[in-house]
Amino acid sequence: EAQVTQNPRYLITVTGKKLTVTCSQNMNHEYMSWYRQDPGLGLRQIYYSMNVEVTDKGDVPEGYKVSRKEKRNFPLILESPSPNQTSLYFCASSLAAVGGSYEQYFGPGTRLTVT
Amino acid sequence: AQSVTQLGSHVSVSEGALVLLRCNYSSSVPPYLFWYVQYPNQGLQLLLKYTSAATLVKGINGFEAEFKKSETSFHLTKPSAHMSDAAEYFCAVRSPSAGKSTFGDGTTLTVKP
């Protein structure tokens, strides 16, 4: 089954404790992206990757890191989480970023709480 | 820079009534346009997308959207609402030359029996 998977689905952590949220897709997609969803603010793009080893900042990259060493994986790293990073996070992928109107496929989400 | 404005954070309709969810965009170049739906406790899934092949786009579950370049709009409609349409709907734009995606703030659709 074609899908985007995220782990963990739920995470409660404390301020300053480094964490990684994994994202993997099995559709051989070139493009991957991370979003955070907060009430009333819609989805805001954190980082995106046009292909392996190519990443770029979205609208809210502060406090986050990403890497794209393999095509299928795009982990999101919070090196020193703070309470304002409490949010619902979505990973998404699409066939490509340019050259056509390619829709994104979303993972199920990771609900992160930082105390 | 690109942006998306969804007018109305909450829309309530009766079952069987017309659904109209509004989306206006701003972009320096013609963007790709999408509508996504999010059911409670789920991720987003594509409803429909504008591909420039036709200004009236049909999607899943009886939804359609019309691209109006002169009004920079991409409003979503459905002739007759069903209870199962209750969800949050997001309009999104994507630059045709880069990877940046911008989503609207979302519209929560409530369908009353």
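It should be emphasised that the depicted structure is a prediction, and the values quoted were computed from it without experimental measurement. Proteins get letters first, then strands, A, B, ... in listed order; numbering begins at 1 in each.
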Measure [X] against the heavy atoms of chain A and call it side chain, backbone, both or neither at under 4.5 Å.
X       : result
B:Tyr50 : backbone
B:Gln38 : side chain
B:Ser95 : backbone

Find out if a path of hydrophobic residues (ILVMFWY) with successive side-chain heavy-atom gaps under 4.5 Å connects [X] to [Y].
X       : Y       : result
B:Val4  : B:Phe63 : yes
B:Phe34 : B:Val57 : no
B:Phe90 : B:Phe74 : no
B:Tyr39 : B:Ile60 : yes
B:Val19 : B:Val37 : yes

Would you compute the distance between atom [atom1] of [X] and atom [atom2] of [Y] and round it to the nearest 0.5 angstrom?
X       : Y        : atom1 : atom2 : value
B:Leu46 : A:Gln104 : CG    : CD    : 10.0 Å
B:Leu44 : A:Glu103 : CG    : CD    : 13.0 Å
A:Tyr35 : B:Phe103 : OH    : CZ    : 4.5 Å
B:Gln2  : A:Asp59  : CD    : CG    : 8.0 Å

Side chains of B:Arg94 and A:Ser94: any donor to acceptor distance under 3.5 Å?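 Result is yes, a qualifying pair exists.
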Is it the backbone or the side chain of [X] that comes under 4.5 Å from a heavy atom of chain B, or both, or neither?
X       : value
A:Ala96 : backbone
A:Leu41 : backbone
A:Gln6  : neither

Assess the pair A:Tyr102 and B:Tyr32: is the distance between their ring centroids shorter than 6.0 Å? no
So that I can tick it off, tell me whether A:Asp56 and B:Lys100 are bridged by a salt bridge, with the cut-off set at under 4.0 angstrom between side-chain N and carboxylate O.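 Answer for the salt bridge query: no.
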Taking atom CG of B:Asn41 as the centre, report whether more than 12 heavy atoms of other residues, nucleotides or ligands fall under 6.0 Å from it. no
CZ (A:Arg111) with more than 12 external heavy atoms under 6.0 Å: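 At most 12 heavy atoms, drawn from other residues, nucleotides or ligands, come within 6.0 Å of this atom.
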Interface residue of largest heavy-atom contact number with chain A, from B:Ser9, B:Pro31, B:Ser101, under 4.5 Å: B:Ser101
Is B:Glu88 close to A:Gln37 at the side-chain level, that is, under 4.5 Å between some pair of heavy atoms? yes
Can you tell which of A:Ser49, A:Pro39, A:Gly42, A:Gly109 has the highest number of heavy-atom pairs within less than 4.5 Å of chain B? A:Gly42
